Amino acid sequence: MSAIGIRVRASAGTRPRVRGLVWLVARQHRAALWAGLAVVVAIAAYIVWQRAEMMGYVRAHDIQGCTEQNWEGLCHGRDIDPRDGTSPTADALRHLSDTYRTPLLNTGRLLIALPALIGVFIGAPLFARELETGTHRLVWTQSVGRTRWLIAKLALPLTAVTTGTAVLAALYTWWWRAARPQLQDIAWGTAVPFDATGPAAVALAPPAFLLGAAAGLLLRRTVPAMAVTLGATAGVQYGLDALRPHLMTPWTVVSDAPGAFPSIPRNVYFTAWRDLGGGFLTRSGEKVPLDRCSSATDSEDAWNRCLERFGATRRWYEELHPASHYWPMQWTQTGICLAAAVALAAVCLWWIRRGRA
Amino acid sequence: MTDEIDASGALEASGLGKKYRRGWALRDVAFRLPAGRICALVGPNGSGKSTLLSLAAGLLTPTTGTLRVFGRSSDAPGARARIAFVAQDKPLYPRFSVADTLRLGRELNPRWDQKTAERVVAEGEVPLSARVGSLSGGQRTCVALAMALGKRADLLLLDEPMSDQDPLRRHRMMGVLMAEAAERGTGVVISTHVLAELDGVCDYLLLMGGGRIRLAGEADAIQAAHRLVTGPRAAGGGTPDALARHTVVETRATGRQLTALIRPADAPAGDGWIVTEPSLEDVLLGYLRAPDAPPLFTADARTTGTEVEA
């Protein structure tokens, strides 16, 4: 028996020594930690591989920084026609867009699903499983307090999921920025890539995890907590998506004739997040959004009559967020998410201190 | 300060009540358990034993009144280290090995005694490398007891610890438990409804019924306060006149004879009655059969405010 005791101590001594609650939480989540690490490594390797292949293609066909937008191409200062079947540059650009658009967007979709997965599979069972099976009573009758237990149980997985998400978000941002010139038609303000790149991608993980943890703590049952977390994180992400255009005041650009280019640099226009809204201006400069006539779609005549009724002229306007709005909007959404995370952590602390759990 | 704490006893309840959604589980409980006693907590199912132990372990908060552990509120940080609790369902992490489970105890308790914990596990023939989830009920209990004893607490609260043990292991576990308790002067509260389990082991007694304390005090004092008397039945049934002066706990008629468990007021019964000293089990069974019998608290078990019926 003493031999077994010595063996246990020796094997524990060879690993880095973690102590107390940190050891307990790490031991409890050992399997999840390895699984999470495997997922992060797999996705990271895929991103690195895809980006390397993409960059190899770009270099091989000499199309660095070439852009294609609205059937107009710009490459090393020369205009090219992307529909020109005889141009190898146009061919290469088309091929690049066809080959890497889907992997890039699908990887982004996977990344924006991660917060929900973290909330449902790591956050929700965190307390719910203990409260459901009664194992919390084992820990609560040792010599450490429940508040310290709660903080350890929240802090360790929170650090792990935030680190993992940060690695993936950084790599995806790195890939995205390389692919951006050739894929400028993808609106940067939509969930992919906005929620999959930059600090906003990292900041979605903590509130999702804490939402799951709080749901488990309050509901005390794993499956309902998982269901609530899934619904709530999906709701939060849809909400953020709807809120995003309003995080900053969009620019309104104006053009004098339909089809004519607005009076801003083409580069600014094509790198902006557009499709936010637009329409025609009245003589006095008031906006008549296009969707006001969305019911008059039977014929062009009906459409024109409808617009005329609102006093619209041929001058059109469009609302857009220029690329320079990306970082301020990223940080604003990050702030919202972190504030939500702090609030959820406070709910957990308050709940356990009230002795309700 | 230390004297004051010890004077207040291991457990001291006053006006203690706990209400769940379905009703009161404990009502107006007041008693005192001195430090270092081996106390049997007896009562039928649903009488409030588990609730009382969970309150003492700090897992529940009282609805009314207070329960002080070594003079401190049971949810105070200092109280937690001095108490070890084995819940009825022995919560353990099923995916931990036995060695990991003991390490949990070592990591979370400053006074942890690894040798004692390993000895208890070895006594129950539980391999250290086994996964807790693969253990039998009896082996789980053994690991749970090892966790409680390894904590080196001053008071062990054990909620029906032996209910899933085979007789042999039960005997061995009781032996280990009592040896540890005796060696270190640890107090023990064991809840049970198998009276024989605690025969000759406990020196203190708490009998519960309907969420209240019905008997509290030293086992021999409680035993000595009772007499079994056998005599002729009264003509019209009911309590014979000869017993009227005493507190009658329970009467049973057999033929023309009547056997009564009484708390004699002075000299017992009188002419024509056979008086014997009951065993502790006789006393407990008598109270269990007579839920309305008046409660009894010995001087040691009383707190200020305890209702006493002599």
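Please read all numbers here as calculations on a predicted model, not as lab measurements. Chain letters run A, B, ... following the sequence lines, proteins first and then strands; every chain starts at 1.
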| Heavy-atom donor-acceptor pair, Asn109(B) side chain to Lys151(B) backbone, under 3.5 Å | no
By a 4.5 Å heavy-atom criterion (distance strictly below it), what part of [X] contacts chain A: side chain, backbone, both, or neither?
{"X": "Ser97(B)", "answer": "backbone"}
{"X": "Asp89(B)", "answer": "side chain"}
{"X": "Ile83(B)", "answer": "backbone"}

Using residues 32-50 of chain A as the side-chain source, report each donor-acceptor pair under 3.5 Å to any protein atom, sequence neighbours left out, with the distance given to one decimal.
none

| request: Heavy atoms only, distances under 4.5 angstrom: which of Val121(B), Leu104(B), Leu102(B) has the most pairs with chain A? Name it, please. | output: Leu104(B)
| message | For residues 107-124 of chain A, which residue pairs pass the side chain to side chain donor-acceptor pair (under 3.5 Å) check, not counting sequence neighbours? | response | Asn106(A)-Arg109(A)
| query | Can you say whether Gln28(A) sits under 4.5 Å from chain B via the side chain, the backbone, both, or neither, judging by heavy atoms? | reply | both
| query | Is the shortest distance from a Lys or Arg side-chain nitrogen in Asp166(B) or Arg169(B) to a carboxylate oxygen in the other one below 4.0 Å? | reply | yes
| request: Would you please indicate if the ring centroids of Phe127(A) and Trp351(A) are separated by under 6.0 Å? | output: no
